[in-house]
Amino acid sequence: METLLKYNWKFKKGNNQNAQHFDYDDRDWDIVRVPHDFAIAGPFSPENDKQVEEVIADGIMKPITHVGRTGGLPICEKAWYRRFFEVAEDTIKCFLEFDGVMSNSIVYVNGIVCGGCKYGYSSFSVDISHAVQRGKVNCLAVSVNPEPSSSRWYTGAGIYRNVRLIEKQEAYFPYCPVRVQTCVREGIATIDVDTRICVSDLGFKLQIALLDEKNNLLEMQKVDCHKDTVYTVFQLEKFHYWKIYHSYLYQIELTMIKNNIVYDKVITKFGIRTLRFDAQEGFFLNGESVKIRGVCMHHDLGALGSAFSRAAAQRQLQKLIEIGVNGLRCAHNPPDPQLLELCDEYGIVVIDEAFDEWTIGKVVNGYYQQFDECAKQDLISMIKRDWNHQSVIIWSIGNEILEQGQKDGWKVARYLNCICKETDSTRPTAAGLNMTLDAFKNGLAFEVDLAGINYKPHLYEQLHTEYPSVILFGSETASTVSSRGEFLLPAEIEHPVKEKPGLLESSYDLATPNWAYTPEREFLVQDKYPYVFGEFVWTGFDYLGEPTPYHNNWPARSSYFGIYDLAGMEKSRVYSYKSKWTDNNLVHIFPHWNWIEGQKIDIYCYSSYNEVELFLNGKSLGIQKKDPSDEIRSHRLIWKNIPFEKGELKAIAVENHEIFDVVNTADNPYEVDIKPERNLISLLFTRQI
Ligand code: GAL
């Protein structure tokens with residue numbers, strides 16, 4: 001039996017000595033529901049996780065004070081959760097499964113330490129069989145202790161992902177019990193099912209059923225449970241591929257039976273797909289060439305914090321799909337498993353990434369402190385948890401790892417790569433390289449299957465020529481900064497981006513930090529080089545923390561990198577990517593049309609068309625054409641210095657007059673029209689917590 005422990009948790013910050021004990025008086029604690037992020041409640045303060053660090057990757061060589069780096073929220077406080085739960089009289093084995101607890105968690109049942117996990121992004125299972133009282137009420141207490149200066153972005157804090165109570169009998173499937181691997185040869189799909197079982201005596205049978213997406217039984221096998229692993233194979237002559245945007249998910253239903261009594265049941269969804277990465281031709285999914293149009297995403301959900309919400313993650317994915325995104329890089333840590341379920345369903349390919357640090361730290365209390373003790377376990381746990389997700393096509397062992405600059409840094413890469421291969425050899429490994437030439441010179445780049453290049457489109461050609469067998473992709477690209485609706489004149493390239501008094505960056509999409517560049521530079525090389533199999537833009541959405549360029553300019557405390565803003569609202573760049581990455585016919589002009597009479601305005605247009613004509617109050621301001629020889633104009637149509645005149649600005653595609661965009665000078669507001677995006681909002685709030 002599986003019970004989601006969602007409601008009736010008690011929560012309190014602080015040391016709360018003896019809070020692990022059953023009789024502890026928690027009457028004055030808050031009642032919360034899990035997933036819960038205690039930091040998002042605030043208050044914001046520049047003192048929260050203030051960090052004094054150099055940021056070598058950003059060219060900041062001397063330590064500076066960062067105020068909003070992790071979001072300016074109280075993420076590093078000790079805190080406790082408590083909850084009572086019942087265990088049935090006949091339960092034999094009992095576990096708690098945590099999808100992620102931020103961080104340094106310790107799990108107690110009835111006062112007894114049962115387990116825990118340091119890394120806040122790892123999922124883990126705790127055997128509590130010895131600590132529970134069957135047929136009675138038990139006390140679960142979880143302490144968390146996120147440390148200051150342990151991250152470069154907002155982590156959230158607390159039990160921010162699901163927790164399940166698992167009760168089992170004498171025969172059962174353990175945590176992550178099944179591994180489904182598929183391959184297709186000569187038109188036939190082979191499905192290997194590897195199942196781990198725990199049985200106390202003989203006589204149990206394992207029933208393995210293969211079902212299609214609509215629950216129709218395709219084939220069933222029954223085997224005796226002699227050993228602790230059972231291996232079975234199915235073959236399908238007719239089958240559906242799992243494809244980008246067109247997923248098809250089969251199911252394996254495992255049932256443990258004895259004398260017609262069902263002891264345990266597990267359903268695992270999986271897809272059938274093939275992967276091929278080629279140093280000359282790029283990436284092939286099911287034999288078809290696919291250019292990955294990806295984005296990197298941190299795990300927070302903006303104002304909702306990092307407590308996982310399926311609805312909010314789903315909304316993010318839908319918005320990303322609208323602009324043509326077909327790939328996601330989980331930066332820089334394993335995501336909530338439900339995000340991968342959604343990517344499986346939507347048909348989005350994923351890079352599942354393990355670490356942002358290995359043995360050399362980027363922040364004082366970063367992961368490097370626990371690397372020796374935990375890295376192997378954390379990496380294996382990510383792979384075993386996620387290996388049935390067909391959306392996951394790449395294991396990334398790290399992002400911008402400082403070992404790139406070390407002569408023997410490759411050794412750590414080899415160690416981690418071997419762990420990946422031993423655990424799952426069906427997917428390639430990768431790393432996001434920013435000290436790119438060093439990583440190649442020192443050999444680290446050759447330890448992974450795919451070399452992810454962060455912000456070096458100018459190196460693709462050189463690397464491909466010097467190392468023709470290396471498979472390349474843009475693991476982090478662009479990093480253009482902007483604030484939705486803010487347009488600063490004149491519109492000019494700003495590299496490196498400077499701080500502005502209002503802490504807002506212009507939405508002309510021309511401002512980039514010193515390591516970054518505009519989206520067009522990447523578009524041009526992605527189009528030119530078939531061997532670069534795609535890009536992952538930094539980032540799809542703005543996220544909490546890392547308010548570059550405002551490292552110490554409070555109250556800047558969320559990023560400016562997103563194509564969408566923190567709330568998922570459209571910045572101008574939405575139309576840049578949409579016009580490049582989708583088949584939509586579109587014309588989008590900006591800025592807004594509310595200025596001072598006569599003021600000279602630069603008008604920009606993103607369009608799927610090459611030529612667009614602009615009209616101000618019906619008068620033509622001329623046709624502009626895309627110019628492939630100019631980085632910015634290769635993708636944008638620009639009218640400079642147009643004197644502002646109240647009224648209507650209209651842009652029409654020359655090739656198709658039905659496609660146009662209009663902006664009008666605003667009049668006094670006369671109506672506020674608010675429509676909820678989903679009706680479920682009301683439902684969520686009326687349910688008891
Ligand atoms: C990269 C880094 C990301 C983020 C980004 C901002 O160097 O990998 O985590 O910091 O820069 O542009």
Side-chain angles (χ1 to χ4, degrees), residues 51 53-61 64 66 68-71 121 149-155 294-300 306 328-335 351 353-358 360-363 366-368 396-405 430-439 444 451-457 459 473-483 494-499 505 509 511-519 521-522 535-551 556-563 566 573:
Q51 299 183 6
E53 306 266 3
E54 71 269 16
V55 188
I56 294 156
D58 298 0
I60 303 170
M61 308 308 275
I64 61 161
H66 296 258
R69 194 180 199 191
T70 53
Y121 300 107
S149 286
S150 61
S151 179
R152 301 189 296 114
W153 57 85
Y154 178 74
T155 51
V295 290
C296 301
M297 290 283 275
H298 273 311
H299 66 295
D300 72 79
S306 63
L328 201 70
R329 173 174 176 231
C330 301
H332 303 297
N333 43 259
I351 300 183
E353 189 154 83
F355 308 119
D356 189 52
E357 284 179 18
W358 294 345
I360 311 173
K362 297 180 185 172
V363 280
Y367 189 79
Y368 77 100
S396 166
I397 58 173
N399 171 63
E400 299 194 345
I401 294 303
L402 294 179
E403 277 80 350
Q404 291 167 100
L433 309 171
N434 64 324
M435 298 150 85
T436 315
L437 294 177
D438 287 346
L444 188 147
I453 310 297
N454 284 11
Y455 309 111
K456 305 275 184 307
L459 288 185
F473 71 106
S475 36
E476 246 172 75
T477 60
S479 262
T480 304
V481 291
S482 63
S483 308
E494 193 180 312
H495 181 81
V497 59
K498 292 177 209 60
E499 300 187 42
E505 289 301 332
D509 301 335
T512 51
N514 61 356
W515 62 92
Y517 48 90
T518 58
R521 187 174 303 173
E522 191 70 32
E535 67 163 313
F536 291 83
V537 177
W538 189 267
T539 46
F541 276 52
D542 281 340
Y543 50 94
L544 297 172
E546 226 185 16
T548 309
Y550 304 96
H551 303 292
R557 45 183 150 69
S558 57
S559 87
Y560 296 74
F561 296 114
I563 299 172
L566 201 60
R573 260 181 294 152

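Every number for a ligand or one of its atoms is a count from 1 in the order of the listing.
- Close approach of ligand 1 to E400 (heavy-atom distance below 4.0 Å) involves ligand atoms 1 (C), 2 (C), 7 (O), 8 (O).
- Note on ring orientation: taking the six-membered ring where Trp is involved, the planes of Y455 and W515 are perpendicular (angle over 60°, cut-offs 30° and 60°).
- Ranked by closest heavy atom to atom 1 (C) of ligand 1, the top entry among R69, R152, E476 is E476.
- A donor atom on one side chain and an acceptor atom on the other are found under 3.5 Å apart for E400 and N454.
- Remark: A451 pairs with L433, F440, I453, V470, L472 by the side chain to side chain contact (heavy atoms under 4.5 Å, CB included) rule, at least two apart or across chains.
- Annotation: Y455 places an N or O atom under 3.5 Å from an N or O atom of ligand 1; distance criterion only.
- When each atom of ligand 1 is checked for a heavy atom of H332 under 4.0 Å away, the hits are 3 (C), 8 (O), 9 (O).
- Heavy atoms of N399 found under 4.0 angstrom from ligand 1 belong exclusively to the side chain.
- By the 4.0 Å N-to-carboxylate-O rule, R329 lies close enough to E476 to be salt-bridged with it.
- Within ligand 1, the atoms closer than 4.0 Å to a non-hydrogen atom of W515 are 6 (C), 11 (O), 12 (O), numbered from 1 in the order shown.
- When only modelled atom types and interatomic distance are considered, T480 and R573 share no side-chain donor-acceptor pair under 3.5 Å.
- Under the ring pair (Phe, Tyr, Trp, His ring centres under 6.0 Å) test applied with H332, the options W538, Y367, F536, W358 reduce to a single match, W538.
- Short contacts between ligand 1 and S479, defined as distances under 4.0 Å to a heavy atom of the residue, involve ligand atoms 6 (C), 12 (O).
- Every atom of ligand 1 is numbered from 1 in the order shown, and the set under 4.0 Å from a heavy atom of F561 is 6 (C), 12 (O).
- A search for ring-ring contact (aromatic ring centres under 6.0 Å, His included) contacts involving Y121 returns Y119, H299, not counting sequence neighbours.
- Contacts between W153 and ligand 1, counted as non-hydrogen atom pairs separated by less than 4.0 Å, are absent for every part of the residue.
- Residue E546 has at least one nitrogen or oxygen atom sitting less than 3.5 Å from a nitrogen or oxygen atom of ligand 1, judged on distance alone.
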